[in-house]
Amino acid sequence: MANRIILNAVSYHGKGAIQHIVPEVKQHGYKKAFICTDPGLVEHKVINKITDLMDEAELAYEIYSNVQPNPTVENVQSGVEAFKASGADYIIAVGGGSSMDTAKGIGIIIANPEFADVVSLEGMAPTKNPTVPLYTVPTTAGTGSEVTAYYVITDTARGRKFVCVDANAMSCVAIIDPDMMMSMPKGLTAATGMDALTHAIEGLITKAAWDMSDMLHIKAIELISKHLRGAVNNTEEGREGMALAQYLAGMGFSNVGLGLVHGMAHPLGATYNTPHGVANAIILPTVMKYNADYSGEKYREIARAFGVADVDKMHQEQYRQAAIDCVVQLSKDVGIPQSLHGIAKEEDLDLLAESAFADVCTSGNPRETSVYEIRELYKSLL
Ligand SMILES: NC(=O)c1ccc[n+]([C@@H]2O[C@H](COP(=O)([O-])OP(=O)(O)OC[C@H]3O[C@@H](n4cnc5c(N)ncnc54)[C@H](O)[C@@H]3O)[C@@H](O)[C@H]2O)c1
Ligand SMILES: [Fe+2]
């Protein structure tokens, strides 16, 4: 079987990368930007790091800042109307996964209006046209949405979060500048960093993993193990390391898929508005244990990437436990809660389990699962 790799076209990495936005726009001759972001980034003036550059270069833009965390169908639809009214000819998404994913939905619907209901984009929708040119500037270090074909939208009417996977939604220019991430508070840094770790670990053991995706995911785990604690303490080295790590994980999982941790995290986001990274981080060790017998030698590589000594001398049970222990230790060190107590309710478990079972990400899990087993996994975390 042949393996396919699709990535975003151009990306800039490292401190000061944001300066490249003006020449990139000028080179393409775009007339007006539709800046898609959220209210927090306007309030904290993170957005000014871009609008100042655009003002100076006399580049026209309009700001749409209606995006909410775990963005909804309505966010996308009101964005589509705002884009049409703006006269813009390209989009700049500035923010975390929520802003970038909303921008993907807007850009795809403008180019493919037959999907205006948004929900028909779930899964691998047969869109014909690429999104409106989409620039992405992540301000969190987690989702990798700037390099992935994924976007995740919440259908509040049906109480579920759905995943769209579409190569037409890819960003053409991504600017990954750790300076854009410096203002993240500790809790957000920890949660988004653990989202990136979950991408790397699920992408490493997912059914479709192969040598090239393994290389990306192993390097991402190594960088996250080395830099997440520093990023939480806002060191420049930590921010730089996490900016790169989350991009590498995005390059990988976007091409091979994820697994049950994401499948189980999405219903928590839809039902309780739990931050995506927190949901993943709480579930990850439990599902790693559940998947251990279906992961071959991969947990040895995870333990090695975390810097565990003498992994080659360990027998299977030892290195598998070592990998899980490293994840738990990192999660504790960065202040992530260790259970779903106070987050999920026992009376919702049937619905959560059904929704997780139907999630697109669950199909990539190396171990076949069932609604019953997923319910038991949630229950063990309460
Ligand atoms: N497209 C993908 O490939 C992909 C992958 C994983 C997750 N997701 C989705 O992405 C969403 C989560 O995105 P996220 O975790 O990046 O968070 P987010 O975009 O939801 O942002 C969370 C909060 O952080 C604030 N914030 C962001 N950057 C900041 C900064 N630099 N300084 C201060 N505050 C800042 C925002 O204002 C917002 O209130 C979820 O909906 C998730 O399902 C998408
Ligand atoms: Fe994620």
Side-chain angles (χ1 to χ4, degrees), residues 8 18 36-50 65-72 75-76 93-105 134 136-155 160-166 169-171 174 177-203 231 234 239 242-243 246-247 249-255 257-259 261-270 273-281 283-284 359-361:
N8 91 288
I18 196 65
C36 182
T37 189
D38 70 41
L41 294 168
V42 175
E43 192 188 319
H44 292 109
K45 299 197 163 44
V46 179
I47 195 81
N48 294 25
K49 293 186 179 171
I50 291 169
S65 61
N66 227 357
V67 176
Q68 67 187 69
N70 296 316
T72 62
N75 279 156
V76 177
V94 186
S98 298
S99 296
M100 292 188 279
D101 288 4
T102 304
K104 288 179 177 174
L134 172 62
T136 42
V137 183
T139 64
T140 63
T143 71
S145 182
E146 68 278 11
V147 63
T148 74
Y150 280 56
Y151 55 110
V152 190
I153 306 295
T154 299
D155 177 0
R160 57 187 296 269
K161 228 175 148 172
F162 60 93
V163 179
C164 312
V165 189
D166 185 355
M170 309 272 313
S171 164
D177 186 334
D179 278 350
M180 299 299 294
M181 301 159 184
M182 294 299 287
S183 54
M184 269 198 284
K186 279 184 195 294
L188 181 65
T189 307
T192 50
M194 290 301 288
D195 182 25
L197 180 66
T198 310
H199 295 157
I201 290 178
E202 291 213 281
N234 215 19
R239 292 290 186 199
M242 283 306 299
Q246 60 95 34
Y247 187 89
M251 288 171 82
F253 88 78
S254 178
N255 287 290
L258 291 167
V261 183
H262 271 76
M264 288 176 66
H266 290 147
L268 298 176
N273 218 8
T274 313
H276 176 68
V278 172
N280 276 327
I283 297 165
L284 180 60
D359 192 276
V360 169
C361 294

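Counting starts at 1 for both ligands and their atoms, in listed order.
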Under 4.0 Å to a heavy atom of [X] - the qualifying atoms of ligand 1, by number:
X: T140; answer: 16 (O), 27 (C), 28 (N)
X: G96; answer: 16 (O), 19 (O)
X: M180; answer: 31 (N)

Option nearest atom 23 (C) of ligand 1 (shortest heavy-atom distance, choices I47, L188, V94): L188
Heavy-atom nearest neighbour of atom 32 (N) of ligand 1 within options S183, P275, S145: S183
Can you tell me which residue and heavy atom of the protein come closest to [atom], and the distance to 0.1 Å?
atom: atom 29 (C) of ligand 1; answer: L41 CD2, 3.4 Å
atom: atom 10 (O) of ligand 1; answer: G97 CA, 3.3 Å
atom: atom 38 (C) of ligand 1; answer: D38 OD2, 3.5 Å
atom: atom 43 (O) of ligand 1; answer: K161 NZ, 2.9 Å
atom: atom 6 (C) of ligand 1; answer: H199 NE2, 3.4 Å
atom: atom 2 (C) of ligand 1; answer: T148 OG1, 3.6 Å
atom: atom 20 (O) of ligand 1; answer: S98 OG, 2.5 Å
atom: atom 9 (C) of ligand 1; answer: D101 OD2, 3.5 Å

Heavy-atom contacts under 4.0 Å between [X] and ligand 1: side chain, backbone, both, or neither?
X: M182; result: neither
X: T192; result: side chain
X: V67; result: neither
X: T154; result: neither
X: T139; result: both
X: H276; result: side chain

Would you name the heavy atoms of [X] and [Y] that are closest together and state the gap between them?
X: A169; Y: Y151; result: CB-CE2, 3.8 Å
X: T136; Y: S171; result: OG1-OG, 2.8 Å
X: R239; Y: A231; result: CZ-O, 3.4 Å
X: K161; Y: A270; result: N-CB, 3.5 Å
X: P39; Y: S65; result: CD-O, 3.2 Å
X: N66; Y: N75; result: O-ND2, 3.2 Å

Distance-only donor-acceptor check, side chains T192 and T140, under 3.5 Å: no
Evaluate [X] for polar contact with ligand 1, using N/O atom pairs at a separation under 3.5 Å.
X: Y150; result: yes
X: V152; result: no
X: H262; result: no
X: P69; result: no
X: D195; result: no

Measure the distances from the heavy atoms of [X] to every atom of ligand 1 and state whether one is below 4.0 angstrom.
X: M100; result: no
X: E43; result: no
X: P71; result: yes
X: Q68; result: no

Hey, is the main chain of [Y] close enough, under 3.5 Å, to the side chain of [X] for a donor-acceptor pair?
X: Q246; Y: A243; answer: yes
X: S254; Y: A149; answer: yes
X: N70; Y: P275; answer: no
X: T274; Y: L268; answer: yes
X: N255; Y: M251; answer: yes

Is there a side-chain contact between [X] and [Y] in this structure, where contact means two heavy atoms from C-beta onward sitting under 4.5 Å apart?
X: I50; Y: M180; value: yes
X: D38; Y: Q68; value: no
X: V67; Y: C36; value: yes
X: T148; Y: K104; value: yes

From H266, H262, R160, residue fulfilling side chain to side chain donor-acceptor pair (under 3.5 Å) relative to D359: H266
Under-2.8 Å neighbours of the Fe ion (ligand 2), protein N/O/S atoms only: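 Of the protein's nitrogen, oxygen and sulfur atoms, 4 lie under 2.8 Å from the Fe ion (ligand 2).
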Residues forming a salt bridge (Lys or Arg N to Asp or Glu O under 4.0 Å) with D179, sequence neighbours excluded: K15
Straight-line distance of L41 CG to K45 NZ, nearest 0.5 Å: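 That separation rounds to 12.5 Å.
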Approximate separation, where rounding is to 0.5 Å, of I283 CD1 and T198 OG1: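 The distance works out to 9.0 Å.
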